Amino acid sequence: MIAVFDNFIKDETLLKEIEQNKTELFKEPGVFKWYDGWWNSPANNTAKKIIQYVWGEHCPISETFSIDGFEYWTGIQKAKLADGKKDGWNDFLEPHFDKDEAWHKKTGEIVTPIIGSVYYPIGQDFEGGELHVYTDGSDMPPEIIKAKPNRFIIFQAGQHVHTVKTVTKGTRLALAINLWEKEPYSKQNGILTIEQ
């Protein structure tokens with residue numbers, strides 16, 4: 001399943017907060033974090049407010065999930081400079097599927113989230129950076145989803161290999177959110193950061 005929702009967040013207060021707090025929201029790209037859900041603790045930062053909005057208050061799909069919480073992280077892909085040099089960030093993301101990395105390292109077993117999602121915040125101007133999802137296997141053509149501001153995408157991030165193609169202009173920002181049925185081993189062992 002891949003579901004795409006445009007102009008997703010309609011709450012003007014939250015949109016304004018995302019825009020005002022973008023530096024704070026994206027200050028630790030690639031740092032995996034854990035949120036045990038608004039039913040256990042308040043949504044006390046912008047990322048958690050986005051999670052509550054998209055998965056709690058305005059969940060766009062009718063499927064019901066029993067979960068322990070959310071793994072989330074921010075990503076930055078930035079176009080190379082005119083001379084072809086990297087400007088601090090990679091301009092793409094390698095093909096992968098999401099899994100409990102610490103458990104896999106320890107046991108070799110693959111444990112994946114129930115479902116994954118990506119939110120692209122407002123106020124971005126970039127080209128490229130499409131999400132490619134290989135729903136029919138990595139040797140078949142992917143489904144291609146354009147990354148665009150205020151777009152929310154839901155897909156089987158733990159089942160299908162996916163990648164971010166090259167950003168050719170500007171900077172692409174994304175908040176990735178995975179739903180876990182059971183708290184992952186990575187969280188139990190302090191590998192996922194708990195934001196206070």
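In this chain, residues are counted from 1 in sequence order. These numbers come from the heavy atoms of this one structure, side chains and all, not from hydrogens, waters or symmetry mates. Computed from a predicted structure; not experimentally measured.
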Problem set entry | Trace of the side chain to side chain contact (heavy atoms under 4.5 Å, CB included) decision for Tyr35 with Asn44 | CA-CA 10 Å; Tyr35 177 39; Asn44 59 0; over 6 Å; no
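- When atom types are taken as modelled, the side chain of Asp100 and the backbone of Tyr185 share a donor-acceptor pair closer than 3.5 angstrom.
- Residue-environment remark: NZ (Lys10) exceeds the threshold of 12 foreign heavy atoms within 6.0 Å.
- Between Thr168 and Gly128, the shortest heavy-atom distance links the atoms OG1-N, 4.0 Å.
- Cluster annotation: Leu131 is not connected to Val167 through the hydrophobic network of ILVMFWY side chains, with a link wherever side-chain heavy atoms come within less than 4.5 Å.
- No more than 12 heavy atoms of other residues, nucleotides or ligands lie within 6.0 Å of NZ in Lys80, so this atom counts as exposed by the packing criterion.
- For the pair Pro149 and Gly123, the tightest heavy-atom approach, listed with the atom from each and the gap, is CB-N, 4.4 Å.
- Judged by distance alone, with hydrogens and angles left aside, the side-chain atoms of Gln156 form no donor-acceptor pair with the main-chain N or O of Gly116 at under 3.5 Å.
- The two residues Ile114 and Trp180 come nearest to each other via the heavy atoms CD1-C, 4.2 Å.
- Between Phe126 and Lys169, every side-chain heavy-atom pair lies at or beyond the 4.5 Å cut-off.
- No more than 12 heavy atoms of other residues, nucleotides or ligands shown are found within 6.0 angstrom of NZ on Lys148.
- Thr135 and Glu143 are linked by a side-chain donor-acceptor pair at a separation below 3.5 angstrom, with hydrogens and angles left out of the test.
- Between the side chain of Asp11 and the main chain of Thr13, a donor-acceptor pair closer than 3.5 Å is present.
- When side chains are defined from C-beta on, Phe5 counts as touching Ile61, because their heavy atoms get closer than 4.5 Å.
- Salt bridge Asp68/Lys182: absent, no basic N to carboxylate O contact under 4.0 Å.
- One hydrophobic cluster holds both Ile122 and Leu14 under the rule that ILVMFWY side chains link at heavy-atom gaps under 4.5 Å.
- Defined by atom type and a distance below 3.5 Å, a donor-acceptor pair is present between the side-chain atoms of Asp98 and Asn178.
- Hydrophobic clustering (side-chain heavy atoms under 4.5 Å, transitive across Ile, Leu, Val, Met, Phe, Trp, Tyr) keeps Val4 apart from Val164.
- In this structure, Leu173 and Thr74 have side chains that are not in contact, with every pair of non-hydrogen atoms separated by 4.5 Å or more.
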Problem set entry | Working for side-chain hydrogen bond (donor to acceptor under 3.5 Å, both in side chains), residues Asp36 and Ser41 | CA-CA 7 Å; Asp36 61 356; Ser41 58; 2.6 Å; yes
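- Checked options Tyr72, Tyr120, Phe152; the residue passing with Leu175 is Tyr72 (criterion: side-chain contact (heavy atoms from CB on, under 4.5 Å)).
- Considering only heavy atoms from C-beta on, Val133 stays 4.5 Å or farther from Pro142 through its side chain.
- Using a 4.5 Å heavy-atom threshold, the side chains of Phe155 and Ile145 count as separate.
- Taking the six-membered ring for Trp and the full ring otherwise, Tyr53 and His58 have centroids separated by under 6.0 Å.
- Taking the six-membered ring where the residue is Trp, the centroids of Trp38 and Phe70 are separated by under 6.0 Å.
- With values rounded to the nearest 0.5 angstrom, Glu24 atom CD is found 11.0 Å from Glu17 atom CD.
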For this session: Any chance you could lay out the side chain to side chain contact (heavy atoms under 4.5 Å, CB included) test for Ile9 and Tyr119, step after step, and finish with the verdict?
Result: CA-CA 10 Å; Ile9 294 181; Tyr119 175 72; 3.6 Å; yes
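- Figure legend: Lys99 and Phe97 shown as a cation-pi pair, the cationic atom lying under 6.0 angstrom from the six-membered ring centre and within 45 degrees of its axis.
- In terms of modelled atom types and a separation under 3.5 Å, the side chain of Glu57 and the main chain of Val54 share no donor-acceptor contact.
- We find the OG1-CG distance between Thr166 and Asn90 to be 10.0 Å, quoted to the nearest 0.5 Å.
- The number of heavy atoms from other shown groups lying within 6.0 Å of CG (Asp125) does not exceed 12.
- Considering only heavy atoms from C-beta on, Met1 comes within 4.5 Å of Ile115 through its side chain.
- With respect to the salt-bridge test (charged N to carboxylate O, under 4.0 angstrom), the residues Lys187 and Glu71 do not qualify.
- Rounded to the nearest 0.5 angstrom, Leu25 CG and Thr46 OG1 are separated by 6.0 Å.
- For the residue pair Tyr134/Asp139, the side-chain donor-acceptor check at 3.5 Å is not satisfied.
- If you check the side chains of Lys49 and Asn45, you find no donor sitting under 3.5 Å from an acceptor.
- With rounding to the nearest 0.5 angstrom, the CD atom of Glu101 is 15.5 Å from the NZ atom of Lys106.
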Problem set entry | Stepwise ring-ring contact (aromatic ring centres under 6.0 Å, His included) check, His132 with His162 | CA-CA 5 Å; His132 284 211; His162 51 282; over 10 Å; no
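- Contact of the Ser186 side chain with the Trp34 side chain is not registered, since no non-hydrogen atoms from C-beta on lie closer than 4.5 Å.
- At least one donor-acceptor pair closer than 3.5 Å links the side chain of Arg151 to the backbone N or O of Lys146.
- Ile76 and Pro29 get closest at one heavy-atom pair: CD1-CG, 3.7 Å.
- With hydrogens and angles left out, the side-chain atoms of Thr112 and Gln159 include a donor and acceptor closer than 3.5 Å.
- Side chain of His104 to backbone of Ala102: no donor-acceptor contact under 3.5 angstrom is found.
- When hydrophobic clusters are built by joining Ile, Leu, Val, Met, Phe, Trp and Tyr residues whose side-chain heavy atoms come closer than 4.5 Å, directly or via intermediates, Phe8 is grouped together with Ile177.
- Remark: the backbone N or O of Ile191 is not paired with any side-chain donor or acceptor of Asn189 at under 3.5 angstrom.
- Scanning all heavy atoms of the two residues, the minimum distance from Ile18 to Pro121 falls at CG2-CB, 3.7 Å.
- Here the straight-line distance linking atom CD of Glu130 with atom CZ of Phe92 works out to 14.5 Å at 0.5 Å rounding.
- Two different hydrophobic clusters hold Phe26 and Phe32 under the rule that ILVMFWY side chains link at heavy-atom gaps under 4.5 Å.
- For the pair Thr163 (side chain) and Leu93 (backbone), a donor-acceptor distance under 3.5 Å is present.
- With 3.5 Å as the limit, one finds no donor-acceptor pair spanning the side chains of Trp89 and Thr171.
- Residues Leu179 and Pro113 fail the side-chain proximity criterion, which asks for heavy atoms closer than 4.5 Å.
- We find that Glu19 and Lys16 are not joined by a salt bridge, their nearest charged nitrogen and carboxylate oxygen being 4.0 Å or further apart.
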